Amino acid sequence: QLQIWVIERCDLNIKSNNSSHHTDLNGEERLIVRRGQPFNITLHLKPGSEEFKLAESSFTFVVETGPLPSEESGTKVSFSLRDTTVDTEWSASASNDPSGNTVSVSISSSPDAPIGLYSLFLEQGWEKASLGQFILLFNSWCPRDAVYMQSESKREEYVLAQHGQIYRGTYKRIKGTPWHYGQFEPGILDICLKILDKNPKFVCDPDEDCSARRNPVYVTRVLSTMINSEDDRGVLVGEWDEILDGVHPLDWIDSGEILHLWAESGPVRYGQCWVFAAVACTVSRALGIPCRVVTNFGSAHDTDANLVIELLFDESGNRISSDSIWNFHVWVESWMTRPDLGPEYDGWQASDPTPQETSDGLFCCGPASVKAIREGELTKKYDAPFIFAEVNADVVNLLQLPDGEFVKLSGSTKSVGQFISTKAVGTDERLDITHQYKYPEGSKEERQVYEKAQHHNKLHQQQQEEESGLHVKIKLAHDMVVGSDFEVCAVLTNNYKKTRNCTFVFFARAISYNGKQGDSCGFASDKNVGVCVFSERRLSLKLQYDSYGSVITPDRLIQLSAIAFDKKATDYHIAEKTIVLDEPDIDIKLTEKAAVNQPVTAELSLWNPLPELLQDCSFTIGGFGLTGVKHVTVKYVHPL
C-alpha cells in the first residue's frame, strides 16, 4: 500500500544541525552539514496517520549531487532504514514520536562522500517525494574523513577562524598584515561551489568531476587552477608590472570582497601571490579543508626545473636569465591524508594558486606533501620539484662574456628558503616552520637530501616525458565470475595540449595460459573520438556468457586489447590486459557445534552463475584438522 503521501512536510532542523556540525556561522537559512556525521530531520505526518510506522515501511532515502547524478559514480546513493546509523556509509534510522504526529530520522553521510549541494528524496516504488536540499562539506572533526585533525585548537584556527596574518617583506624585515578570510559571510559558500562548477574538468565531464570532489587532493588542485584566471574565467588576474586600472594588490585586505566581485562580473583585477593565497585559504576553509597561508622568504622561481637558480648577467650587470629569487612568495598548505602517496606523506600539503608555471597543461601547482619536500622525494605528486626549488634550490651567478661563454661569479646553497612563516594557532604571533620544509642549511642531512632530489628530479622529468601524448588503459569490473555478464572499459587519455580525434577499438578474445590466442568474444569501436585537452574518453565492452562461454578454455582466460590511433598524426597506442574469470564461491556452514574428535555436519552452498543446469557436481572437502578427505556428489545445481 502506498504510504509516501502520509508525510505532510519535512523539517530539516537547520539551527540544531548546523550548530552540531560547526556550520552555524553560515547562518540558519539552509542546512549545511559535514560528512561522516549524523544529522537529524523531522517528518510531520498528515492528520489521521498515527498508525504509520516509517521503520516498518518500504521507504528508501535517496541523495543526489551534481547535474547528472549516478550510482556508478557515487553522486547518487540510495539507502534504507536500519536500526542505527553507521559511520562508514550513507545510512538512516528512524523513530516515531509518542504523539504519533512526527517521525525523527537520523541520517549519516559517508565520510568519503563527494562534497557539494545535495537533494534529499524519499522513495516508495515509483513515487518520489522531495525532502529538501543540503550542502555537504569536508569534516575535520570526523576521524574517518581525509581532512581529520585531532587538535580542537587547530580545527578552530585552520577551519573556523575568519581572521589571520599574512607575512611579507624580507627575511630581515618580516611584517604581518591582517587579512579577513570571511569564509562564513553570506553568499561566500555559494560562490565557492560556483568556483568548482566553473573549472575545466567540470565543463568536460560534470559527473566525473562531482564524483572526484570526495577527494581533498583533487579539490585542492582544482582550486589551485581556479583562483587564478590564466586558463579559464578564474577568480583573480595577476599583474606584476605597472598597474593603471583595477585594484592594486596592496589594497586588498578581504577575500569576501574579491569573491563577490568575481561572482558578479568575472575575473577580478588584480592579485599577487599573497592575494591568491588568501583567497585560496578562504575557499578551502569554506569547503571544510583545514588551510593556512605560508610565506617563504628568499623564494626561488626555477623555470627550467634543474633545482639550480642560474642568475645570468651581461657585462653591464643586466640580468638576462628567466630564473629569479623573490624577496618573498606566499602559498597555502592544506591538511589531508595522501592515500595516493602513502601514510608517511599525510599532513600538510603545499599548493600554490599564483600562476607561475604550468602543470598538466594548466597554471596550477600542488598539492605536494611538505614531508616529501623535506626529504627530497620529488617523484611524489604534485609538482614537488618546483616547490622544492622554491625553498631549497642552489644559486649560481654567471657572467656572459662577449664571445657568449659564461663564467661563474659566485654561488650559494643557503640564500633560498628562509624564515618560512605562518600565523601561530590561537595568536597573531609568527610561527617559523622552515624546519618542516628542509633540514638546517649547511647540515649533512640538507646536502644529502639535495643530492637525492637532483636524482629524483631526473626521474620525474623522464616520467613526465613518458606521460605526454595519448595513453590507453583498461579498467576491469569488480565481479567477473565465469557464467556472468560483465562490462569492462578502455580509457583513452589525451595529454597533448590540443584536442585529438582518434579511432578507438576495443576487443576481447579467448587465450590459453601458454599465450595461444583463441576466438573472438567481444568487440566495440568508435571511429571518430574527440578527446579534449588533458581529458579522457571511455569505450565500454560488455562481455556476455553467450559469447565467451563456448570459446574460453578451462584456464578461464580472456585477453582484452584496446587500440587508439590518429592516422593524420601517425600516432598509435595500445593497451592489453589478460583477465582470469573467477569461479563461484562455495560457502561452508556448520549446522552444529564442533567438538574435537567428534563428527560434525556441514552445509555446502554453491551459487550457480551459469544459465544452465549443472549435473553430477562433485565436492571435495579437506583441510587442516580434518581426518581424511570427504567427497560429496550433488545430482543437480539449478541456475540462480
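The structure presented is a predicted model; accordingly, all values stated were derived computationally and were not measured.
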Between [X] and [Y] (salt bridge meaning N to carboxylate O under 4.0 Å), is one present in this structure?
X	Y	value
Asp205	Arg538	no
Glu377	Lys380	no
Asp197	Arg213	yes
Arg155	Glu157	no
Arg35	Asp145	yes

task: Return each pair, listed once, that meets side chain to side chain donor-acceptor pair (under 3.5 Å) where at least one residue sits in residues 159-172; pairs must be two or more places apart or across chains.
output: His163-His180, Arg168-Thr177
[atom1]/[X] to [atom2]/[Y] distance, rounded to the nearest 0.5 angstrom?
X	Y	atom1	atom2	answer
Leu287	Leu193	CG	CG	6.0 Å
Ile166	Lys175	CD1	NZ	13.0 Å
Ile195	Lys198	CD1	NZ	11.5 Å
Asp432	Thr422	CG	OG1	10.5 Å
Tyr158	Ser284	OH	OG	14.0 Å
Asp241	Ile243	CG	CD1	8.5 Å

Strictly distance-based, threshold 3.5 Å: is any side-chain N or O of [X] a donor or acceptor partner for the main-chain N or O of [Y]?
X	Y	value
Ser211	Asp207	no
His248	Leu250	yes
Asn392	Val416	no
Thr434	Ile420	yes
Lys201	Val222	no
Trp335	Ala146	no
Ser229	Asp232	no

message: A cation-pi test, strictly: NZ or CZ of Lys423 under 6.0 Å from the centre of the six-membered ring of Trp179 and no more than 45 degrees from its axis. Yes or no?
response: no
Which atoms form the tightest heavy-atom contact between [X] and [Y], and what is the distance?
X	Y	value
Ser351	Thr220	OG-CG2, 3.5 Å
Val159	Gly288	CG2-O, 4.4 Å
Leu137	Ala286	CD1-O, 3.6 Å
Val330	Val293	CG1-CG1, 3.3 Å
Tyr148	Cys142	CB-O, 3.1 Å
Val472	Ala564	CG2-CB, 3.8 Å

Could you work out, with side-chain contact (heavy atoms from CB on, under 4.5 Å) as the rule, every residue matching [X], not counting sequence neighbours?
X	result
Ala490	Phe504, Phe506, Ala562
Ser369	Leu341, Tyr345, Gln349, Lys371, Ala372
Asp346	Thr337, Arg338, Pro343
Val203	none

query: Taking atom types as modelled, is there a side-chain donor on Asp209 or Asn199 under 3.5 Å from an acceptor on the other?
result: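 Yes - a donor-acceptor pair under 3.5 Å links their side chains.
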Report yes if the side chains of [X] and [Y] come closer than 4.5 Å at any heavy-atom pair, otherwise no.
X	Y	value
His21	Ile32	no
Val247	Ile258	no
Pro143	Gln150	no
Trp331	Asn296	yes

task: Return the set of residues passing salt bridge (Lys or Arg N to Asp or Glu O under 4.0 Å) with Arg144 (not counting sequence neighbours), or none when no residue passes.
output: Asp87
query: Glu152 and Trp141: side chain to side chain donor-acceptor pair (under 3.5 Å), yes or no, with the steps?
result: CA-CA 8 Å; Glu152 176 62 21; Trp141 285 263; 3.1 Å; yes
query: Can you check side chain to side chain donor-acceptor pair (under 3.5 Å) on Arg430 and Ser421, steps first, answer last?
result: CA-CA 6 Å; Arg430 184 183 71 88; Ser421 305; 2.7 Å; yes
Return the set of residues passing side chain to side chain donor-acceptor pair (under 3.5 Å) with [X] (not counting sequence neighbours), or none when no residue passes.
X	value
Arg34	none
Asp428	none
Asp190	Arg30
Thr282	Ser255

Donor-acceptor contacts, no H, no angles, side chain residues 269-280, under 3.5 Å, sequence neighbours left out:
{"from": "Tyr270", "atom 1": "OH", "to": "Asp245", "atom 2": "OD1", "distance (Å)": "2.5"}
{"from": "Tyr270", "atom 1": "OH", "to": "Asp245", "atom 2": "OD2", "distance (Å)": "3.4"}
{"from": "Gln272", "atom 1": "NE2", "to": "Glu239", "atom 2": "O", "distance (Å)": "2.9"}

message: As a quick check of understanding, evaluate side chain to side chain donor-acceptor pair (under 3.5 Å) for Asp112 and Ser110, giving each step before the final call.
response: CA-CA 5 Å; Asp112 189 43; Ser110 167; 5.4 Å; no
- prompt: Using the benzene-type ring in the case of Trp, are the ring centres of Tyr437 and Trp348 under 6.0 Å apart?
  reply: no
- request: For residues Phe297 and His329, establish whether the separation of their ring centroids is below 6.0 Å.
  value: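 Not under 6.0 Å, so no.
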message: Filter on salt bridge (Lys or Arg N to Asp or Glu O under 4.0 Å), then keep only pairs touching residues 274-294, sequence neighbours left out; what's left?
response: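 Listed once each, the pairs are Arg292-Glu333.
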